[in-house]
Protein chains: 2
Amino acid sequence: MTRMSVSERRTALVDAALRVIARDAVAGATTRAIASEAGMPQASFHYAFESRDELMREVVRHVLEQEERSILPAMAPTSAPADMREALKSGLEHYFAGIAADPDHERAMLELSQYSQRTPGAEHLARLQYESYFALAVTSLRAAAELVDARWSRPVEEIGCMIVALTDGLTSTWLATRDDAAAHRFIDFAADAIARLSEPLSPSEAEAAAASRNRLSTGAQA
Amino acid sequence: MTRMSVSERRTALVDAALRVIARDAVAGATTRAIASEAGMPQASFHYAFESRDELMREVVRHVLEQEERSILPAMAPTSAPADMREALKSGLEHYFAGIAADPDHERAMLELSQYSQRTPGAEHLARLQYESYFALAVTSLRAAAELVDARWSRPVEEIGCMIVALTDGLTSTWLATRDDAAAHRFIDFAADAIARLSEPLSPSEAEAAAASRNRLSTGAQA
DNA sequence: GTCTATAATGAGATAGAC
DNA sequence: GTCTATCTCATTATAGAC
């Protein structure tokens, strides 16, 4: 491997580490295994990273960015949903399709989360991971309310916490059982239960909201 | 440590392993650390167990038994609940109190579950763990229905899956955030949502159910 | 039967040739 | 700058004294 900047090397090693963790768990992600996966000698590892711990922190940070970039658009509705229940259901189905498409990757995320929680000096990363999920959930909930002309009957932050817990339960249960039918039933159930925490806007309110949105987007364009 | 049967040694090591895993994670549960925690020299470890892997399998098995014995009675209502919503809420609060009382223990359980899922030859233990949770949930749901004179409007097995996913999400979210208020809100929400999947028996049905119960218990005594 | 002492392995990290 | 060869340390497991 001639000519490779340190930062290129770092991202190559982070990517390789993710693949190794997905395949062999965190315990199997030795510097040797990671370097070999990245196609470089083990010694090059320490040329790019101070220590294995520094790499792991970088892996978690990388994963956070990646998730924020990939999950947010995934939550966007493919077609205009009829009501809140449908909007939530399609969002959750989309999320589930993502984890079902690459279960090993998702298990790696769960393991990294546990790793952060148990590694002294990395606890803040675990918090960050949850805060990122939470922010994502809140954004999605606000978007859904706007999309189907509804309001949340409780603080949207509270409902965001619940979305996080629901998706977390869905994920870890499915990873353990691989029971697709149960997952879809749970999504139905969750969408229904969360939708009950919203109420449709009255026609006049909906009109006002639409007008306000127009004003805002016009203003943004000007 | 003079005079200690092999089976005593095994249970002592399994107990010690659980403490070490709760404190230092699965990765920190070396044979040395476990033996030291059990107050015996490291060599005694291999006098009781073939290998570290054999111990870990035994730990998971032990945990399954322990959970079944401790969670089932914990789900029993402390006082007669007014309706299904209250019954579920008190059951879930009881469950949550259990994990909040010993978070490290619960984290150890989660880690063991992941360990089983990723260790070749131990996948069946991961399945067992979930099946045990599931069976527990179904039993609790049946008991709750009897207690408050209600019927489940969907197969109780389907609802059992959902209880497992809900408690799982509750657990891992709380372990990551330690947000008690959010946990209680989630319990409220979950109890409400699940209770909607039940309907009260009519007075005549309730009477018939009570009579049937009496017949059964009399029959059991005879 | 029990424990001290040690072998064997594999880990993270580094020195030094190129 | 890069990689080969090596160091040091901690691990599992065992041999052998008591």
Side-chain angles (χ1 to χ4, degrees), chain A residues 1-60 108 111-112 115-116 118-122, chain B residues 1-60 108 111-112 115-116 118-122:
Chain A
M1 290 295 142
T2 52
R3 291 291 104 180
M4 198 176 191
S5 79
V6 172
S7 84
E8 280 176 322
R9 223 173 258 281
R10 283 173 71 98
T11 62
L13 283 168
V14 166
D15 285 349
L18 274 172
R19 288 196 297 275
V20 174
I21 292 171
R23 198 177 55 228
D24 305 323
V26 170
T30 65
T31 57
R32 282 176 157 75
I34 294 166
S36 155
E37 172 76 23
M40 59 179 85
Q42 189 247 351
S44 297
F45 182 94
H46 289 282
Y47 180 74
F49 287 100
E50 190 69 23
S51 68
R52 180 177 178 271
D53 267 13
E54 195 203 339
L55 167 81
M56 293 299 288
R57 284 196 296 273
E58 194 57 37
V59 166
V60 174
E111 248 186 300
L112 281 171
Y115 170 85
S116 310
R118 304 212 72 156
T119 304
Chain B
M1 289 296 140
T2 52
R3 292 292 101 183
M4 199 175 191
S5 79
V6 172
S7 84
E8 280 176 322
R9 223 174 257 278
R10 283 172 71 98
T11 62
L13 284 169
V14 166
D15 285 349
L18 274 172
R19 289 196 297 275
V20 173
I21 292 171
R23 200 177 54 228
D24 304 324
V26 170
T30 65
T31 58
R32 281 177 154 71
I34 295 166
S36 155
E37 172 77 25
M40 59 179 82
Q42 189 249 349
S44 297
F45 181 94
H46 289 282
Y47 181 73
F49 287 100
E50 189 69 23
S51 67
R52 182 177 178 272
D53 267 14
E54 194 203 341
L55 166 81
M56 293 300 287
R57 283 196 296 272
E58 193 58 36
V59 166
V60 174
E111 247 185 304
L112 281 171
Y115 171 86
S116 311
R118 304 213 69 158
T119 305

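To find a chain, count down the sequence lines: A is the first, B the second, and so on, and within it residues start at 1. Worth knowing before you read on, the calculation uses all heavy atoms, side chains too, and leaves out hydrogens, waters and symmetry mates.
- The shortest distance between the side-chain N/O atoms of B/Arg9 and the OP1/OP2 oxygens of C/dT2 is below 4.0 Å.
- A close approach under 4.0 Å does not occur between any side-chain nitrogen or oxygen of B/Tyr47 and OP1 or OP2 of C/dG1.
- Taking atom CZ of residue A/Phe45 and atom P of nucleotide C/dA11, one finds them 13 Å apart after rounding to whole Å.
- The CD atom of B/Glu50 sits 10 Å away from the C1' atom of D/dA13 (whole-angstrom rounding).
- Comparing atom distances between the B/Ala43 side chain and each of D/dA5, C/dG12, C/dA5 picks out C/dA5 as nearest.
- Residues B/Val26 and B/Met56 form a side-chain contact, since some pair of their non-hydrogen atoms from C-beta on lies under 4.5 Å apart.
- Contact check, A/Thr31 against C/dG12: a side-chain N or O comes under 4.0 Å of OP1 or OP2.
- With A/Arg57 as reference, A/Asp53 is the one residue of A/Asp53, A/Val60, A/Val59 to meet the side-chain contact (heavy atoms from CB on, under 4.5 Å) rule.
- The interatomic distance linking A/Met40 (CE) with D/dT2 (P) rounds to 10 Å, in whole Å.
- Taking 4.5 Å as the limit, every side-chain heavy atom of A/Thr31 sits out of range of all side-chain heavy atoms of A/Leu55.
- With distances taken from any side-chain atom of A/His46 to the nucleotides C/dC3, D/dC3, C/dG12, the minimum falls on C/dG12.
- Side-chain N/O atoms of A/Ser44 include none lying less than 4.0 angstrom from OP1 or OP2 on D/dT2.
- Looking at A/Asp24 and A/Thr30, their side chains never come closer than 4.5 Å, going by heavy atoms from C-beta outward.
- Separating the CD atom of A/Gln42 from the C1' atom of D/dA5 is a distance of 11 Å, rounded to the nearest angstrom.
- Closest to the side chain of A/Arg52, from the set C/dG12, C/dG1, D/dC3, is C/dG12.
- With hydrogens and angles left out, the side chain of A/Arg32 and the base of C/dG10 share no donor-acceptor pair within 3.5 Å.
- Summarising the geometry, the separation between CZ on A/Phe49 and P on C/dA11 is reported as 19 Å, rounded to the nearest angstrom.
- The CG atom of A/Leu55 sits 13 Å away from the C1' atom of C/dG12 (whole-angstrom rounding).
- Side-chain contact check for A/Arg52 versus A/Ile34: every heavy-atom pair is 4.5 Å or farther apart.
- The nearest whole Å value for the distance from the CD atom in B/Glu8 to the P atom in C/dT2 is 10 Å.
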